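What follows is a single structure, written as structure tokens, with notes after it.
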Amino acid sequence: MAVPILKQGPFLIASIQAALTDTDVLQLRDDVMSQVTRHRSRGIIVDVTALDVMDSFVSRSLRGIAMMTRLRGAETVIVGIQPEVAFAMVQLGMNFEDVQTALDLEEGLALLQTQEGPADGGS
Amino acid sequence: MAAEPEERIAIESDNDVVTARQRARELAAGLDLTSTDQTLLATAISEVARNITTYAVRGEVLLSIVRDAGPPVREGIRVVARDKGPGIADLELAMQDGYTSGGGLGLGLPGARRLVDEFDIETAPSAGTTVTLVKWSRAR
């Protein structure tokens with residue numbers, strides 16, 4: 001199932017709705033990259049609240065999205081990692097240290113807005 | 001340790017990986033596994049089932065409920081993920097964190113082992129691989 005991506009000002013919001021197959025994850029990566037380019041986005045939120053499992057493939061792919069968008073000048077924030085999922089990721093040995101995370105969508109947007117900075121014009 | 005009849009899920013695509021972990025979670029929810037333990041089990045299944053699609057193309061996951069008369073009395077889910085793929089040439093290496101021959105992070109097998117209570121793997125070159133996992137409920 002494709003992940004809907006909404007444009008909100010200079011940011012994109014990708015809200016994962018249900019369990020992701022590997023194909024869905026790769027599709028999400030491609031969609032985010034093309035939309036970042038199309039909209040000249042400055043930040044991306046990926047909301048994973050609906051995910052009950054984040055295995056090594058999903059984690060690695062989300063981390064890859066964050067790295068790729070950063071190279072395009074846009075920061076990615078992963079929001080909504082469930083407590084049990086966080087526990088499993090740590091047990092699994094996932095390194096997510098270089099990826100920005102926030103509690104929920106609201107916190108994620110606030111984080112991106114802070115990073116935009118006042119001198120940026122924000123047009 | 002008594003095992004009840006198994007449920008079999010054929011693993012041929014990434015969709016089947018999702019089905020296998022969802023079915024296991026449903027089974028586990030019927031026992032007294034905590035929600036956290038269900039998540040750990042589902043994540044471990046995702047890792048071993050993905051190994052099937054990555055390395056062996058196809059295989060199967062068998063789920064069964066296991067009961068231990070104790071003491072302590074406990075019940076759990078046993079997962080057998082098996083394929084007739086190429087097998088693992090160097091098992092010791094494959095169980096090391098960070099080693100991969102498939103382009104991933106090398107967390108699949110060692111990571112899955114950390115997520116469950118029992119972990120066993122049998123493999124031989126060109127004979128396939130069988131991984132057995134057990135997640136027990138907390139002792140009552």
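Here the structure is a predicted model, which means the values were calculated and not measured. Reckoned from all heavy atoms, side chains included, excluding hydrogens, waters and symmetry mates. Lettering follows sequence order; numbering is per chain, from 1.
Residue-level contacts of residues 84-94 of chain B with chain A do not occur; threshold 4.5 Å between heavy atoms. Inspection of non-hydrogen atoms places A:D52, A:V53, A:M54, A:D55 of residues 46-55 of chain A under 4.5 Å from chain B.
Under a hydrophobic clustering in which Ile, Leu, Val, Met, Phe, Trp and Tyr are joined whenever their side-chain heavy atoms come within less than 4.5 Å, directly or via other members, B:L133 and B:V80 fall into different clusters.
Although no hydrogens or angles enter the test, the distance criterion places a donor-acceptor pair under 3.5 Å between the side chain of B:R114 and the main chain of A:Q91. At distances below 3.5 Å, not a single donor-acceptor pair connects side-chain atoms of B:D37 with backbone N or O atoms of B:L33.
The two residues A:A74 and A:S41 have their closest heavy-atom pair at CB-O, 3.5 Å. Nearest heavy-atom pair, A:V99 versus A:A66, reported as atom, atom and distance to 0.1 Å: CG1-CB, 4.2 Å. Looking at every heavy atom in both residues, A:D24 comes nearest to A:A19 through OD2-O, 4.1 Å. Listed here is the closest heavy atom pair of A:L92 and A:S56: CD2-N, 3.6 Å.
Interface remark: B:Q22 contributes side-chain atoms only to the contact with chain A (heavy atom separation under 4.5 Å). Using a 4.5 Å cut-off between heavy atoms, B:V17 makes no contact with chain A at all. With a 4.5 Å cut-off on non-hydrogen atoms, B:R50 touches chain A through its side chain but not through its backbone. In this structure, chain A has a heavy atom under 4.5 Å from the backbone of B:A112, while its side chain stays farther away. Neither the backbone nor the side chain of B:R113 comes within less than 4.5 Å of any heavy atom of chain A.
Side chains of B:R25 and B:T39: a donor-acceptor N/O pair is present below 3.5 angstrom, by distance only. Counted by atom type alone, A:D31 and A:Q27 present one or more donor-acceptor pairs between their side chains at under 3.5 Å. A donor-acceptor pair shorter than 3.5 Å can be found between the side chains of B:S35 and A:E84.
Heavy atoms of other residues, nucleotides or ligands lying less than 6.0 angstrom from CD of A:Q8 number 12 at most.
B:R74 has no carboxylate O lying under 4.0 Å from a charged side-chain N of B:D117, or vice versa, which leaves the two without a salt bridge.
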